[in-house]
Amino acid sequence: MSNVGLMYVGAVLFINGIMLLGKIDNKSAGIFNLFVGSLQVFTPIYLIVTSNGDAWTIFSASGLFLFGFTYLYVGISNLTNASNSGIGYYSLWVAILAIGFACVNFFHFEDIPFAIIWLMWSFLWTLFYLLLAKGKDIATYTGWIAFTQSWITATIPAFLSMTGIWQQLNTSVIVIVEIVFFILFLILFSSRKKAVKYTQT
């Protein structure tokens, strides 16, 4: 994913996170989802057409469609007041594929930081599945995760990459920071589930 595209993934996660926290109207957020979704669909089409059949270029471009169709789906659903259950089940499919992209980044590209980032995105898409398809009461939690991930998985890495700083950072430091955040996400989710069970008994 290009750094510009990644930065705007951060922007739409930021908007969607705030939407889930009840601070932005669904239709207003939907318009921005259409902007970024269109960008993340047309860009990989261009990359694939100009790839000269290079398998890894096509593979990398295919990952952009996961984001593009998610945001187009959200945007259209928000603007038409359609049911979000379809987005939820699509998110489950994407969450599974994102684990595959994480493995390829780890084993083939040997890019450990982005392997972890893909796992964090898989976790977020799983939350969308639980929220939108299964009706779990996790809108606020999902909103905060989307808001946080907008910075640590997209906006900051993209900005630092465009300035050349990301490439100069020690990989171990990046990995440690990402793992700490990922573990924190899981702990908070586990704690929330226990709290819900406690209040229901």
Side-chain angles (χ1 to χ4, degrees), residues 1-98 100-102 104-105 114 117-118 120-129 131-133 139 142-143 145-162:
M1 183 183 300
S2 72
N3 292 322
V4 174
L6 183 61
M7 185 170 67
Y8 279 95
V9 166
V12 78
L13 285 179
F14 178 81
I15 293 297
N16 288 346
I18 295 177
M19 176 188 68
L20 289 171
L21 294 172
K23 304 297 184 181
I24 295 179
D25 175 75
N26 284 8
K27 289 189 176 181
S28 177
I31 294 171
F32 190 71
N33 274 266
L34 292 181
F35 291 156
V36 180
S38 298
L39 173 68
Q40 301 289 48
V41 167
F42 288 121
T43 299
I45 290 175
Y46 172 79
L47 293 174
I48 290 171
V49 169
T50 60
S51 68
N52 294 319
D54 182 76
W56 286 115
T57 298
I58 295 172
F59 175 82
S60 297
S62 70
L64 297 177
F65 285 118
L66 302 180
F67 295 91
F69 289 130
T70 297
Y71 304 142
L72 288 178
Y73 208 158
V74 170
I76 293 171
S77 292
N78 282 9
L79 293 173
T80 60
N81 293 318
S83 169
N84 288 324
S85 58
I87 302 172
Y89 281 104
Y90 171 72
S91 295
L92 174 62
W93 180 79
V94 176
I96 295 169
L97 275 182
F101 276 90
V104 171
N105 272 268
F114 265 90
I117 285 175
W118 271 105
M120 285 197 274
W121 286 334
S122 177
F123 177 66
L124 181 58
W125 267 304
T126 300
L127 292 179
F128 287 140
Y129 160 68
L131 173 66
L132 301 175
T142 305
I145 296 301
F147 176 85
T148 305
Q149 285 201 19
S150 75
W151 295 101
I152 65 171
T153 69
T155 306
I156 293 175
F159 185 83
L160 293 181
S161 291
M162 286 189 290

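Atoms considered below: every heavy atom in the structure, side chains included; atoms not considered: hydrogens, waters and symmetry mates.
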Heavy-atom side-chain contact between V104 and W56 under 4.5 Å: yes
From CA spacing to verdict: side-chain contact (heavy atoms from CB on, under 4.5 Å), Y129, I96: CA-CA 11 Å; Y129 160 68; I96 295 169; over 6 Å; no
Heavy-atom donor-acceptor pair, S77 side chain to Y73 backbone, under 3.5 Å: yes
Ring pair (Phe, Tyr, Trp, His ring centres under 6.0 Å) between F101 and F59, intermediate numbers included: CA-CA 9 Å; F101 276 90; F59 175 82; 4.7 Å; yes
Intermediate values then yes/no, side-chain contact (heavy atoms from CB on, under 4.5 Å), I87 and V74: CA-CA 7 Å; I87 302 172; V74 170; 4.1 Å; yes
Matching residue for Y71 among V41, L13, I15 - test: side-chain contact (heavy atoms from CB on, under 4.5 Å): L13
Which atom of G10 lies closest to which atom of S150, heavy atoms considered: O-CB, 3.1 Å
Minimum heavy-atom distance P157-I152, with the two atoms named: CG-O, 3.5 Å
Residue pair Q40 / L66, side-chain heavy-atom distance below 4.5 Å: no
Nearest heavy atoms of A95 and S122, plus distance in Å: O-OG, 2.7 Å
Donor + acceptor pair across side chains of N78, N33 (<3.5 Å): no
Residue list, side chain to side chain contact (heavy atoms under 4.5 Å, CB included) with T80, at least two apart or on another chain: I76, A82
Check: I45 and F65 side chains under 4.5 Å, non-hydrogen atoms: yes
Aromatic ring pairing W125/W118, orientation class (parallel under 30°, perpendicular over 60°, tilted between): parallel
Check against side-chain contact (heavy atoms from CB on, under 4.5 Å), I24 and N16: CA-CA 8 Å; I24 295 179; N16 288 346; over 6 Å; no
Test item: side-chain donor near acceptor, D54 and T57, under 3.5 Å: yes
Nearest-0.5 Å distance, CG of residue L124 to CG of residue L131: 10.5 Å
Value rounded to 0.5 Å, distance of OG in S62 from CD1 in I48: 7.0 Å
CZ (F35) with more than 12 external heavy atoms under 6.0 Å: no
Residue pair L20 / F128, side-chain heavy-atom distance below 4.5 Å: yes
Spatial distance of atom CG (L34) from atom CG (L39) [nearest 0.5 Å]: 12.5 Å
Neighbour count above 12 (heavy atom, 6.0 Å) for Y8 OH: no
For M120 against Q149, the heavy-atom pair lying closest together: O-NE2, 2.9 Å
Side-chain heavy-atom pair W121, T153 within 4.5 angstrom cut-off: yes
Residue pair S38 / L72: nearest heavy atoms and the distance that separates them: N-CD2, 3.7 Å
Note, K27 side chain near N81 side chain (heavy atom, < 4.5 Å): yes
Pairs touching residues 84-93 that satisfy side-chain hydrogen bond (donor to acceptor under 3.5 Å, both in side chains), sequence neighbours left out: S83-S85
Side chains of F14 and T155 in contact at under 4.5 Å (non-hydrogen atoms): no
Derivation and outcome, side-chain contact (heavy atoms from CB on, under 4.5 Å), residues F147 and I18: CA-CA 7 Å; F147 176 85; I18 295 177; 4.2 Å; yes
